[in-house]
Amino acid sequence: MSKLQLSLVVTVYNEEENIEPLLEAVYTALEGISYELILVDDGSTDKTVEESKKYSNEHTRVLIFNKNYGQTTALAAGIDHAVGEYIVTMDGDLQNDPSDIPMMLQKAIDEDWDVVAGVRANRQDGFVLRKLPSKFANWMIRNTTKVYLKDYGCSLRVYKAHIAQNMGLYGELHRFIPVLAKQEGAKMTEVNVKHHPRIHGTSKYGLNRTFKVMADLILMLFFQKYLQRPIHLFGTIGLLSFFVGILINIYLLVLKIAGEDIWGRPILLVGLILVLGGLQLITTGIVAEIIVRTYFESQDKKTYTIKQVYQGE
C-alpha cells in the first residue's frame with residue numbers, strides 16, 4: 001500500500017449500534033484527505049464485526065481479534081498496521097467527533113507538532129462516575145509525571161507515525177500515551193474538541209479504573225526514570241538498606257562485646273531484615289538489568305493474535 005497522509009485507528013468492543021453512524025461520520029469528515037481507516041474489533045460478542053464489514057468501504061480495514069485483549073492492545077495492533085504519515089486514534093463510541101480530525105491534522109502539519117491532543121472542553125459524561133475520577137486521575141498523572149496536559153482521558157489525538165509506532169503499548173497503558181510519547185521526545189500541544197453524550201451501548205469504564213490508574217502510574221514512573229537502568233532504583237534502595245542494617249548490627253555487636261544481652265531486642269530483628277532485604281533488592285536490580293537487556297535485544301513479538309483482516313470494497 002502506498003504512503004497515505006493519515007491512518008485513523010478506531011478501537012471498538014460491542015458497539016454494533018454505533019458502527020454505521022461512526023463510519024458515515026468518518027467518511028464525511030475525511031473526504032478529500034488521503035487516508036485509511038483501521039477498525040480494530042477487540043473480541044466483540046455482539047454484531048460489531050458484521051456491521052463493520054457491512055458498512056466498510058475501500059478506505060477501511062477491519063482487524064478482528066480472536067478474543068478480548070483490552071483497549072491498549074487494540075490500539076497497538078491498529079498502530080502496527082498503519083501506513084499513514086500521521087496516525088489518529090479515536091474511540092468508537094461516537095463521543096469523539098471525527099469532524100475535529102482535519103483541524104487537528106492541519107495544526108500538526110502547519111506548526112510541526114509531533115502530537116496534537118484533544119481536550120474535551122464541554123464533556124458530556126456523568127460527574128460522579130466519569131468526570132470526578134477523571135479529574136483526580138488527570139491531577140495525579142500531571143503532578144507525578146510532570147507531563148502537563150489537561151485531559152489524559154481523551155483518546156482523540158494526532159501523532160506523527162514514528163512517534164506512535166515507537167511508544168511500546170502494553171497492558172493498559174493507553175491512559176499514559178502522552179507520557180510514553182514524551183519519552184520519545186515528542187513535542188505536544190492541545191486543542192479543544194467536541195464531545196457528545198453516549199447514545200448507544202454502555203460505557204466500559206467505572207470507578208474501579210481509578211485504582212487501575214494508580215497501579216499503572218507506579219509502573220509509568222518506573223518507565224520514566226529507571227526503565228533502561230533499573231539497578232539505579234533497586235541498587236540504591238538495596239545499598240541504603242544494607243548499610244543501615246550493617247550499622248545496626250555493628251552497634252549490637254559492640255553492646256554484646258561490652259557484656260550486654262542483645263537477644264530479644266526488636267532492633268536485632270530490624271538489622272537482620274535490613275541486611276537481607278538490601279541484598280535481595282540489589283540482586284533484584286541485577287536480574288532486572290538482565291531482563292531489560294533481553295527486552296531491548298530480543299526478537300519482535302506481538303501481544304495479540306488477529307483472527308482475520310477484512311478489506312472493505
Side-chain angles (χ1 to χ4, degrees), residues 1-66 68-106 116 118 120 124 154-159 161 164 174 193-205 304 306-313:
M1 184 180 295
S2 60
K3 196 73 172 179
L4 301 172
Q5 185 178 29
L6 178 69
S7 293
L8 172 58
V9 177
V10 181
T11 59
V12 291
Y13 176 65
N14 290 344
E15 300 283 2
E16 60 178 346
E17 294 177 296
N18 288 323
I19 295 300
E20 180 182 5
L22 169 67
L23 296 187
E24 289 179 353
V26 169
Y27 299 152
T28 300
L30 300 186
E31 189 174 354
I33 296 176
S34 173
Y35 78 96
E36 64 173 346
L37 167 60
I38 301 175
L39 202 62
V40 187
D41 176 73
D42 188 21
S44 295
T45 55
D46 61 1
K47 295 182 179 180
T48 296
V49 172
E50 291 87 337
E51 291 291 296
S52 299
K53 291 181 177 180
K54 180 178 178 181
Y55 294 103
S56 293
N57 67 8
E58 69 277 7
H59 295 286
T60 307
R61 269 186 293 161
V62 185
L63 307 187
I64 305 165
F65 280 178
N66 62 323
N68 179 251
Y69 288 95
Q71 185 177 359
T72 301
T73 303
L75 277 174
I79 290 171
D80 286 344
H81 285 76
V83 298
E85 296 178 13
Y86 287 86
I87 296 175
V88 179
T89 59
M90 189 180 77
D91 284 340
D93 55 11
L94 286 177
Q95 292 196 268
N96 294 138
D97 198 320
S99 66
D100 287 314
I101 295 174
M103 173 270 295
M104 298 174 72
L105 176 63
Q106 199 60 48
V116 177
R120 296 165 291 183
Q124 302 296 310
C154 181
S155 63
L156 182 56
R157 300 188 184 101
V158 176
Y159 309 84
H174 58 274
V193 297
K194 295 183 283 292
H195 191 252
H196 305 293
R198 176 183 272 273
I199 299 174
H200 304 295
T202 57
S203 173
K204 314 302 186 295
Y205 301 101
Y304 55 85
I306 294 177
K307 182 171 65 176
Q308 180 187 2
V309 176
Y310 176 81
Q311 176 65 56
E313 299 177 353

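Because the structure is predicted, anything quoted here is derived from the model rather than measured.
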Visitor: Are the side chains of Leu4 and Tyr35 in contact, using a 4.5 Å heavy-atom criterion?
Guide: no
Visitor: Provide the closest heavy-atom pair for Gly43 versus Tyr13 in the form atom of the first, atom of the second, distance.
Guide: O-CE1, 3.5 Å
Visitor: Just checking Glu58: does its CD atom have more than 12 heavy atoms from other residues, nucleotides or ligands closer to it than 6.0 angstrom?
Guide: yes
Visitor: Can you tell me how far CG of Leu156 sits from CD1 of Ile101, rounded to the nearest 0.5 angstrom?
Guide: 6.0 Å
Visitor: Walk me through whether Gln71 and Asp42 qualify under side-chain contact (heavy atoms from CB on, under 4.5 Å).
Guide: CA-CA 7 Å; Gln71 185 177 359; Asp42 188 21; 5.6 Å; no
Visitor: State the OG1-CD distance between Thr60 and Gln311, to the nearest 0.5 angstrom.
Guide: 7.5 Å
Visitor: Check whether any side-chain heavy atom of Met90 lies under 4.5 Å from a side-chain heavy atom of Leu8, and answer yes or no.
Guide: yes
Visitor: Do Leu105 and Val88 make a side-chain contact, defined as non-hydrogen atoms from C-beta onward lying under 4.5 Å apart?
Guide: no
Visitor: For the residue pair Leu75 and Val40, establish whether any side-chain heavy-atom pair is separated by less than 4.5 Å.
Guide: no
Visitor: Write down the atom of Gly92, the atom of Val10, and the distance for their closest heavy-atom approach.
Guide: CA-CG1, 3.6 Å
Visitor: On a heavy-atom basis, which atom in Pro98 and which in Ala29 lie closest, and how many Å separate them?
Guide: O-CB, 3.4 Å
Visitor: For Ser56 versus Leu23, what's the shortest heavy-atom pair and its separation?
Guide: N-CD1, 4.1 Å
Visitor: Test side-chain contact (heavy atoms from CB on, under 4.5 Å) on Val49 and Gln308 and set out the steps.
Guide: CA-CA 11 Å; Val49 172; Gln308 180 187 2; 5.7 Å; no
Visitor: Give the minimum heavy-atom separation between Gly84 and Ser7, together with the two atoms involved.
Guide: N-OG, 2.8 Å
Visitor: Using the rule given for side-chain contact (heavy atoms from CB on, under 4.5 Å), can you reason through Tyr27 versus Leu37, listing the C-alpha separation, both sets of side-chain angles and the distance that settles it, and then say yes or no?
Guide: CA-CA 9 Å; Tyr27 299 152; Leu37 167 60; 4.3 Å; yes
Visitor: Rounded to the nearest 0.5 Å, what separation is found between the CD atom of Glu24 and the CG atom of Asn57?
Guide: 11.0 Å
Visitor: When rounded to the nearest 0.5 angstrom, what distance separates CD1 in Ile64 from NZ in Lys53?
Guide: 4.5 Å
Visitor: For Asp93 and Glu15, indicate whether the former's side chain and the latter's backbone hold a donor-acceptor pair under 3.5 Å.
Guide: no
Visitor: Taking atom CD1 of Ile38 and atom CD1 of Ile87, what is their separation to the nearest 0.5 Å?
Guide: 7.5 Å
Visitor: State, yes or no, whether a side-chain contact exists between Thr89 and Tyr159 at a heavy-atom distance under 4.5 Å.
Guide: yes
Visitor: The test is side-chain contact (heavy atoms from CB on, under 4.5 Å); show your working for Val193 and Asp97 and say whether it passes.
Guide: CA-CA 8 Å; Val193 297; Asp97 198 320; over 6 Å; no
Visitor: Could you report the tightest heavy-atom contact between Met104 and Arg157, atom names first, then the distance?
Guide: CE-CA, 4.1 Å
Visitor: Calculate, to the nearest 0.5 Å, the distance between atoms NE2 and CD belonging to His81 and Glu36 respectively.
Guide: 10.0 Å
Visitor: Would Ser155 and Asp91 count as a side chain to side chain donor-acceptor pair (under 3.5 Å) if you check the C-alpha gap in whole Å, the side-chain angles of each, and the deciding distance to 0.1 Å?
Guide: CA-CA 6 Å; Ser155 63; Asp91 284 340; 3.2 Å; yes
Visitor: Heavy atoms, side chains only, cut-off 4.5 Å: are Leu63 and Asp41 in contact?
Guide: no
